[in-house]
Amino acid sequence: MKTTLTYIIEQIQIKNPLHSKRIQKNLKTFNQEYFDRAANFFLKYEVLLKNDNKSFDYAIDCYLQMLADFNFESVQFLKTGEYTSKSFEEVKERVYDNPDVMEYYMHGLLMSQFLLKQHYDILLWFNRIIGKNNKNIENYLEVGGGHGLYISEAIKIIGSNANYDLVDISKSSIEIAEKMIADDKVKMILSDVFEYFPAKKYDFITMGEVLEHVKEPIKLLQKLHALLSNNGKLIITTPTNAPAIDHIYLFKNADDIREVISEAGFNIEEELCIYSEDVSPEIAERFKISMMYAGVLVKK
Amino acid sequence: MERNNILSQINKIFIDTLDDEGVVIEETTTATDVEEWDSLTHIMLVVAIEKHFKIRFSSKEIQSWNNVGEMINSVSAKIVD
């Protein structure tokens, strides 16, 4: 019987042979763990789609539309060296307050977790880090939880004794996260994190791919610094040279990111850089090839 | 501008961008036919074609091409002789 992943890959081959080449190349590098994880993920995602009277054909089209946006933004980025969006207000109007865009964008991001190698590699890294740090966590926070995949993984590893909060500025994201997580352990908080003032401190905070969406990433990290307990840990991920429709802050290399981390009052306990192409950091910066940065941060 | 002329110019762009003197494209050529033509080099090709012909493609156009012939259609519609 054909798996969902096989069907998705076949459809992408028909609809976008160019991107299919990349997927085929990546598939050759994946082991059985990837296929098992992908099967579980798409099973859960299928429930979400069916409840919304949608199919994987719809999800595939959303993913390809997201890629089309990224390709267009990439062309402008290569020409100008800048992201096209300059402010949060612009992105809010263009993306976050635009239900049609948010709809396909969120589904596109969900699909990308297992169709884009960088995203999958980061997910594996995240699992490993949480596994190393799963003791003595009373309060866990995810900021910008988006699709809910990461907090779901955290719950599996840390267990049900911790308190889990998810703060997101987007109603659409919260709605999708609720459906994907399907676990009432997580308290969903619709809020700008800058306006979030809980009575407690968190032992572990995760913030995946949010820093590049704000004009002042240092201030955002400083806010997380205030939310984190003194011995707590913060995981962040953020890309360099990644022209998406809602990216504002351009990190050109890993040092740009490390500088922001240090300015905000953190040391880096562990980090990982995954390039979208098999090139050196120098070539990546020169040709503006994207890199996904992941770091475990502790207070200075 | 004649299609053959556009094809010839785009072929040269492919050679320069993919750094492969052996690349020969026809109107029916697809990404499957050219090993180095992938999602990254596609962006570089679009930028080079836009620069060479002094045109700009929309997001829909960049995504829509199934082969070089369809790319030439878009170029031809935009250039002024």
Side-chain angles (χ1 to χ4, degrees), chain A residues 12-28 60-82 84 94-95 101 104-105 108 112 115-118 241-245 275-279 283-284 286-291, chain B residues 6 9-20 22-75 77-79:
Chain A
I12 291 175
Q13 168 64 33
I14 294 166
K15 296 182 179 193
N16 192 327
L18 197 61
H19 185 62
S20 178
K21 273 175 117 170
R22 174 150 298 252
I23 291 182
Q24 295 297 336
K25 187 177 162 189
N26 291 340
L27 281 176
K28 290 176 187 165
I60 290 163
D61 287 343
C62 288
Y63 173 70
L64 294 178
Q65 179 58 54
M66 184 189 76
L67 283 185
D69 287 346
F70 188 79
N71 285 344
F72 182 76
E73 295 292 319
S74 295
V75 169
Q76 313 320 312
F77 180 60
L78 272 190
K79 292 195 290 194
T80 66
E82 295 178 356
T84 58
R94 188 181 172 192
V95 182
V101 173
Y104 77 72
Y105 198 43
S112 77
L115 294 178
L116 292 179
K117 189 172 186 305
Q118 270 183 318
N241 301 316
I245 55 175
Y275 291 88
S276 61
E277 304 293 328
D278 190 15
V279 296
I283 295 288
R286 188 172 153 211
F287 291 101
K288 299 185 176 56
I289 291 168
S290 175
M291 179 270 286
Chain B
I6 297 174
Q9 292 182 52
I10 290 180
N11 201 141
K12 186 157 188 323
I13 291 169
F14 266 70
I15 288 170
D16 290 342
T17 305
L18 304 183
D19 194 25
D20 183 351
V23 169
V24 177
I25 57 168
E26 298 166 11
E27 293 222 14
T28 54
T29 301
T30 69
T32 311
D33 304 316
V34 182
E35 192 183 336
E36 307 96 326
W37 188 3
D38 61 19
S39 23
L40 173 66
T41 53
H42 183 69
I43 300 303
M44 294 161 73
L45 284 166
V46 170
V47 171
I49 291 168
E50 284 191 347
K51 187 178 175 185
H52 178 81
F53 289 104
K54 296 181 179 42
I55 56 178
R56 187 175 153 134
F57 297 117
S58 67
S59 169
K60 210 171 167 183
E61 281 172 315
I62 293 168
Q63 196 66 7
S64 69
W65 303 319
N66 290 308
N67 55 40
V68 169
E70 291 181 8
M71 195 187 272
I72 291 173
N73 291 344
S74 292
V75 171
K78 289 176 184 299
I79 57 177

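Just so we're on the same page: letters track the sequence lines, and every chain starts at 1.
Minimum interatomic distance between F72(A) and R56(B) (heavy atoms only, all atoms of both residues): CZ-NH2, 3.5 Å. Considering all non-hydrogen atoms of both residues, A68(A) and S59(B) come closest at O-OG, 3.6 Å. When all heavy atoms of K21(A) and V34(B) are compared, the closest pair comes out as NZ-O, 2.6 Å. Contact detail for V47(B) and L78(A): the closest heavy-atom pair is CG2-CB, 3.9 Å. A pairwise comparison of heavy atoms in H19(A) and S39(B) identifies ND1-OG, 4.4 Å as the closest pair.
Between the CD atom of Q24(A) and the CG atom of D38(B) there is a distance of 13.5 Å, given to the nearest 0.5 Å. The CD1 atom of I43(B) sits 12.5 Å away from the CD1 atom of I289(A) when rounded to the nearest 0.5 Å.
Take E27(B) and apply the side-chain hydrogen bond (donor to acceptor under 3.5 Å, both in side chains) test, not counting sequence neighbours, and it matches R3(B). Under the side-chain hydrogen bond (donor to acceptor under 3.5 Å, both in side chains) criterion, K79(A) pairs with E50(B), not counting sequence neighbours.
Scanning residues 60-74 of chain B against chain A with a 4.5 Å heavy-atom cutoff picks out I62(B), Q63(B), ordered by number.
Of the listed residues (D69(A), L67(A), V75(A)), the greatest number of heavy-atom pairs within a distance under 4.5 Å of chain B belongs to V75(A). The most heavy-atom pairs under 4.5 Å with chain B, out of L18(A), L64(A), N71(A), come from L18(A).
Heavy atoms closer than 4.5 Å to chain B are found nowhere in E73(A), neither backbone nor side chain. In this structure, no portion of T30(B) lies under 4.5 Å from any heavy atom of chain A.
Counting non-hydrogen atoms of other residues, nucleotides and ligands closer than 6.0 Å to CD of E26(B) gives a total of 12 or fewer. Dense packing is recorded around CD of E277(A), with more than 12 heavy atoms of other residues, nucleotides or ligands lying under 6.0 Å away.
Listed by first and then second residue, the salt bridge (Lys or Arg N to Asp or Glu O under 4.0 Å) pairs that reach into residues 9-19 of chain B are K12(B)-D16(B), sequence neighbours excluded.
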